[in-house]
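In this chain, numbering begins with 1 at the start of the sequence shown. Keep in mind it's a predicted model, so treat the numbers as computed, not measured. Only this structure's heavy atoms are used, side chains among them; waters, hydrogens and symmetry mates stay out. Numbering of ligands and ligand atoms starts at 1, following listing order.
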Amino acid sequence: MNKLSVKVKNLVIGGNSPIVVQTMCNTHTQDIEASIAQCKDMVAAGTQMIRLTTQGLDEVNALRVIKEQLHAAGIHIPLVADVHFNSDVAIAAAKVADKVRINPGNFAQVHKDAAVQFKKFLEICKENNTAVRIGLNHGSLGEEIVNKYGNTPLGMKEAVMQWLSMCKENDFYNVVVSLKASNTVVMTEAYRLLHNAMQEDGMLFPLHLGVTEAGNGDQGRIKSAVGIGALLKDGIGDTIRVSLTENPVNEIPAGHTIANFFESGENEILLDSVMAQIRRGSSKPEAIISVNSALCGNTDTRSQDAWNEFIIKASCLFGPLLLDKQIDDFDAVPNFSHAHNHDHECEHTNEHSSDHESNDAEEQIFVEMKKIFSADRLVEFKENLMQAARRKFTHPEYIACPGCGRTQYNLEQTFNEVKRRTAHMKGLKIAVMGCIVNGPGEMADADYGYVGQGGHKVTIYKGKTPVLKSVPEDQAINALIKIISES
Ligand code: SF4
């Protein structure tokens, strides 16, 4: 099998290279100072590649300055231009960025002669050694594909295969592909279909994995870990982005936790143990993820970082089994008799270390975990994981974009407020999207949507219909709640 690798500056994606962790700025790219500051924070947090919104020629120019200033500061991180629609912008960006992401659905929507424009674009990429991402999203497929296959994983796969064949016709192979969706079932199915199709075709282009519009906090991390983990477990995926509606710097440790979990072989060891529990007849295998016992000595295990590490690893382990219906449930609160006690957790560090070497290591890991995290928190985690794997819905389903240079308002704050006000509305799908350009398409099958329109105005959607336009920002959450409660 020809497993291709793609070079983005000095970084190799695909082939036999380790998983690359990347993120995206949410600054306005023309705000050069803010964008550079965010890039520096991202590099310090360990990102290996950074994407910036490049919707117009002004942003391409800003990207050039950002690149020069980062170089002057000794930072040579590969930069990716996020273009979406306009081939002229894509062509200009290909002369500046190390990689250009286009969304083929949007590209085809704007250009009747998309194939001709795409050929021109690839020629410029070749001349400049610029890599390309064909970044397709569920919800923004081209009209022709939707008419033929519907807005389905099959349609997503078919669309990508068409664009890959155009790449091959133009003898261009420096291409990474993504097929993101917010729904983990749709997302994993689309990637698997594509992986199989590429395998049959004899050429595996590298895959960029991500669950789009995953939201924030525990739910965003869990959903991302389930979707990405299900594919990495099967050896599918070469670079990942954990999209969070938070400061994008937070995406990086989450991405590395997922990548390390699979690269280090930890997944295989734990999975063997879970499968052994299933073979012994357990219908609810237990969560045996421990926060690395070293953490207990060096770091506060009650910290948010320790919790994030736990939920991401446990989601990577159990999420795929739930998603693929290999198990129906799991037990996040194993059979411990003692109550949780924060105050004593680190007193037991030495005891745990030696116990890890005993034959009863597995059981001791459970004990350690229970001492660290409260039962309530573990139950909430379990509910979030069941929902992320789409097995049991106990909360509203939130679809929130991570925000980018197109975002028109304080997305993070608004999303948190929408979540607070709608937390009781189990069964509803509520979208909060940063911009009117991509937001409506990408909120897919949400029941209601809050979409930034620009100029401090918001459009409220009911299904795919904009029911209130130009609502002033300070009244928009109330308007959304009113529309929901009147329905
Ligand atoms: S919906 Fe708009 S604001 Fe949100 S990430 Fe996508 S392009 Fe950016």
Taking NZ, NE, NH1 and NH2 as the nitrogens, is one of them in Asp238 or Lys3 under 4.0 Å from a carboxylate oxygen of the other?
yes

Donor on one side chain, acceptor on other, Asn216 and Asn416, under 3.5 Å:
yes

For atom 2 (Fe) of ligand 1, report each protein N, O or S atom nearer than 2.8 Å, sorted by chain and then by residue number.
Cys435 SG

Mind telling me whether Phe205 and Tyr173 have parallel, tilted or perpendicular rings, with 30° and 60° as the class edges?
parallel

Drop me the distance from Tyr448's OH to Ile399's CD1, to the nearest 0.5 angstrom.
13.5 Å

So that I know where these two stand, are Phe310 and Phe381 an aromatic pair - ring centroids less than 6.0 Å apart?
yes

Evaluation steps, side chain to side chain donor-acceptor pair (under 3.5 Å), between Arg221 and Ser315:
CA-CA 9 Å; Arg221 285 168 177 78; Ser315 303; over 6 Å; no

